Amino acid sequence: MRAAVLHETGQEKLEVLDDVEAVGFGPGKVRLRIRATGLCHSDLSAMSGVLPQPAPFVPGHEGAGEVLDVGDGVTGLSAGDRVLVCWLPACGVCPSCRRGQTHLCLAGFMNAGTPNFKRPGGDVFGFAGTGTFAEEVVVDAACAVPVPDDVPFEIAALIGCGVTTGLGAAINTAQVEAGSSVAVIGCGGVGISAIQGARARGAAQIVAVDPVASRREAALRFGATEAVAPGELDDAKQRITGGEGFDYVFEVVGRSATARTAYDTTRRGGTLCVVGAGAMDDHLQLNMFELFFDEKRILPSMFGGGDVLRSYERAVALWRAGRIDLESMITHRVRLDGVNDALDQMRTGESLRTCIEL
Ligand SMILES: [Zn+2]
Ligand SMILES: [Zn+2]
């Protein structure tokens, strides 16, 4: 079957090959036919080495498709079911899961060192234990989450990562208050989802911050009340908050420089919510005086910051009710052969989400 493979970490292009086989099927596993996958910024970060990931590997972790086969002992799933791929499956029994913080379960990472694919050249890993830039993939049953039949594959795929991450940051982690002021730094798919989450919570002002003009224009369509380039953020802070700073600032880039800007843009006693996935050697510096004196709450948000299945259900409910717009987030579509175009569209900021149809 066909899959897009990154041969070595640091390479910029994927090779679409037709000699790849999904491996590992057996008890507790399911075999999926992937139908749609989004390209998430984390895929680029894994390709460049910012996020740890053994190579060669098939990127993609934001996917949806159909169940082809279920292994022994799998309950609640059968062939033909429509599912989204959850790259962070919950084991249900560890201390994090028992607290309801299934987004902090580490069980899924235990499989990260096990190849999901093979080809004549040898083993091939799947990014984050999944690898959805492939027609088929074998995953743990907990990674295949059933979705209702009225949810198209492309929408289900987005809910599998970017939408859940951004919505959850606003709803679960920051718990944006009605009437508050919000700034969102970084307006790709996750940032747009944070904007939609802040709007759903009733924020009064939502300022979108992004260097790319097309993303600023898009942010206004998804609920931002104003959109500015990074150099104009200070001015917006003065105008909108009287210089005090925003009640909530979302950092959706994953760099210490933007996190520092976000900290400085948050009002005293306000909330800085860190959503971007950054590098292990990129350090955020705060001095001990400002840390205690300004009492800004620094709240990291990992994959939506709450129970993962609940977050999926909520995204579906908000989408069905027309309170969030997921269709318009898909600005580009390609087939698997166009995967390198999708990478370029993401790098330049031209796309919010490119959907790869398989
Ligand atoms: Zn667990
Ligand atoms: Zn992702």
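On a predicted model such as this, the values are computed, not experimentally measured, just so you know. Just follow the structure's listing: the first ligand is 1, and inside any ligand the first atom is 1.
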Enquirer: Tell me the closest heavy-atom pair linking Thr173 and Gly304, and the distance in Å.
Expert: OG1-O, 4.0 Å
Enquirer: Which of these, Arg2, Arg33, Arg31, sits in a salt bridge (Lys or Arg N to Asp or Glu O under 4.0 Å) with Glu136?
Expert: Arg31
Enquirer: Give, rounded to 10 degrees, the angle between SG (Cys97) and SG (Cys94) as seen from the Zn ion (ligand 1).
Expert: 110°
Enquirer: For the Zn ion (ligand 2), decide whether Cys161 has an N, O or S atom at a distance under 2.8 Å.
Expert: yes
Enquirer: Can any side-chain N or O of Asp123 pair as donor or acceptor with the backbone N or O of Pro115 at less than 3.5 Å?
Expert: no
Enquirer: Given SG of Cys40 on one side and NE2 of His61 on the other, what angle do they make at the Zn ion (ligand 2), to 10°?
Expert: 110°
Enquirer: Which angle, to the nearest 10 degrees, do you find at the Zn ion (ligand 1) between SG in Cys105 and SG in Cys91?
Expert: 110°
Enquirer: Identify the two heavy atoms, one from Pro211 and one from Arg216, that lie closest to each other, and give their separation to 0.1 Å.
Expert: O-NH1, 3.2 Å
